[in-house]
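The next block holds one structure in the form of structure tokens; read it before the comments.
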Amino acid sequence: MNHIPPITEAELEIMRVLWTNPNSPSSHVVQQMTERMEWSPNTTRTLLSRLVQKEAAGAKPGTNSKRTQLFYPLISEQEYLRSETKSFMKKLYGGALHPMLANFLKDKKLNAQEIEDLKALFDENGSCGEAEKRDT
């Protein structure tokens with residue numbers, strides 16, 4: 001999906017249930033949100049309806065009952081995270097990675113494993129960039 005609709009924090013909680021349990025009946029989502037957030041069933045159903053209207057989630061009839069609707073995500077968690085990360089970077093750092101990393105590292109001390117993981121990501125990113133340059 002190219003366009004990721006804006007999702008509120010409350011709607012995000014519903015999406016987390018759908019990402020974990022795609023094709024969930026509304027009763028399952030209601031139960032999860034009652035346990036996790038102490039929301040009323042009406043609140044959960046309203047948020048599900050909003051997600052369907054925004055085309056972040058879909059609904060289809062259940063197989064056992066015509067009254068049961070199954071809800072599923074129309075956007076993946078990765079797509080959502082990527083979109084939110086880009087928005088965050090653009091809003092706070094003008095889209096630049098270096099100032100964001102510098103700011104983050106001022107406040108957080110990384111352990112040896114985290115440093116190695118980041119080096120591997122940078123190496124992988126650099127390799128991809130070099131391959132793209134050679135291909136063009």
Side-chain angles (χ1 to χ4, degrees):
M1 173 176 252
N2 291 336
H3 173 70
I4 306 295
I7 295 174
T8 66
E9 287 187 39
E11 292 165 343
L12 180 57
E13 292 299 324
I14 301 282
M15 290 300 294
R16 287 185 173 128
V17 172
L18 298 180
W19 287 322
T20 304
N21 302 292
N23 295 316
S24 292
S26 59
S27 60
H28 173 76
V29 180
V30 165
Q31 177 189 359
Q32 289 294 308
M33 300 320 298
T34 300
E35 291 172 8
R36 292 180 188 190
M37 308 297 288
E38 298 182 3
W39 289 350
S40 75
N42 285 339
T43 298
T44 300
R45 288 188 191 98
T46 297
L47 291 169
L48 278 168
S49 293
R50 285 185 196 166
L51 287 167
V52 170
Q53 288 173 346
K54 291 180 175 186
E55 297 182 355
K60 62 184 177 184
T63 54
N64 296 339
S65 167
K66 291 180 181 178
R67 289 189 51 194
T68 301
Q69 277 194 307
L70 301 178
F71 292 88
Y72 55 94
L74 290 175
I75 58 173
S76 73
E77 188 172 13
Q78 280 304 106
E79 288 173 316
Y80 176 74
L81 291 174
R82 203 171 303 121
S83 174
E84 285 297 300
T85 300
K86 285 180 183 178
S87 174
F88 169 80
M89 296 266 304
K90 184 176 181 181
K91 180 179 177 180
L92 297 179
Y93 298 99
L97 179 62
H98 185 269
M100 192 271 309
L101 283 174
N103 191 40
F104 174 74
L105 292 173
K106 284 179 186 174
D107 295 331
K108 169 107 170 85
K109 299 297 179 208
L110 301 178
N111 65 39
Q113 184 60 54
E114 290 171 324
I115 292 169
E116 287 303 313
D117 291 347
L118 283 173
K119 284 181 180 178
L121 283 173
F122 284 122
D123 289 345
E124 183 179 300
N125 191 340
S127 297
C128 291
E130 292 303 315
E132 289 172 6
K133 287 178 189 173
R134 283 193 304 267
D135 291 341
T136 56

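Residue numbers start at 1 and run along the sequence shown. Computed from a prediction, not measured in an experiment: that's the story for all the values here. Heavy-atom basis, side chains included; hydrogens, waters and symmetry copies ignored.
- Without hydrogens or angle criteria, W19 side chain to I75 main chain gives a donor-acceptor distance under 3.5 Å.
- Heavy atoms only, all atoms of each residue included: Q69 and A59 are closest at NE2-CB, 3.7 Å.
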request  = List the steps and the verdict of side-chain contact (heavy atoms from CB on, under 4.5 Å) for E79 and I4.
outcome  = CA-CA 8 Å; E79 288 173 316; I4 306 295; 3.9 Å; yes
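- M15 and V17 fall within a single hydrophobic cluster, where Ile, Leu, Val, Met, Phe, Trp and Tyr are joined by side-chain heavy atoms under 4.5 Å apart, directly or via other members.
- Note: the hydrophobic cluster containing V30 does not contain L12 (ILVMFWY, side chain heavy atoms under 4.5 Å, direct or indirect links).
- Not one N or O on the side chain of S87 forms a donor-acceptor pair closer than 3.5 Å with the backbone of S83.
- Hydrophobic clustering of Ile, Leu, Val, Met, Phe, Trp and Tyr side chains at less than 4.5 Å, counting indirect connections, keeps L70 apart from Y72.
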ask   = Does the salt bridge (charged side-chain N to carboxylate O under 4.0 Å, His left out) test come out yes or no for E13 and R16, once each step is laid out?
value = CA-CA 5 Å; E13 292 299 324; R16 287 185 173 128; 2.9 Å; yes
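- For the pair A57 and L74, the tightest heavy-atom approach, listed with the atom from each and the gap, is O-CD1, 3.4 Å.
- Counting non-hydrogen atoms of neighbouring residues, nucleotides and ligands closer than 6.0 angstrom, the CD atom of E35 exceeds 12 such neighbours.
- When all heavy atoms of V52 and G58 are compared, the pair lying nearest together is CG2-C, 4.2 Å.
- Between T44 and W39, the closest heavy-atom pair is OG1-CE3, 3.8 Å.
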Table please: side-chain donor-acceptor pairs of residues 104-111 below 3.5 Å, with sequence neighbours left out.
| residue | atom | partner | partner atom | Å |
| --- | --- | --- | --- | --- |
| N111 | OD1 | Q113 | N | 3.0 |
| N111 | OD1 | E114 | N | 2.7 |

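- Using modelled atom types, one side-chain atom of T46 and one backbone atom of N42 make a donor-acceptor pair closer than 3.5 Å.
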request  = Go through F71 and H28 one step at a time and tell me if the side-chain contact (heavy atoms from CB on, under 4.5 Å) criterion holds.
outcome  = CA-CA 10 Å; F71 292 88; H28 173 76; over 6 Å; no
task = Dump the intermediate steps for side-chain contact (heavy atoms from CB on, under 4.5 Å) on M37 and T43, then the final yes or no.
result = CA-CA 11 Å; M37 308 297 288; T43 298; over 6 Å; no
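- Between A10 and L47, the shortest heavy-atom contact is CB-CD1, 3.9 Å.
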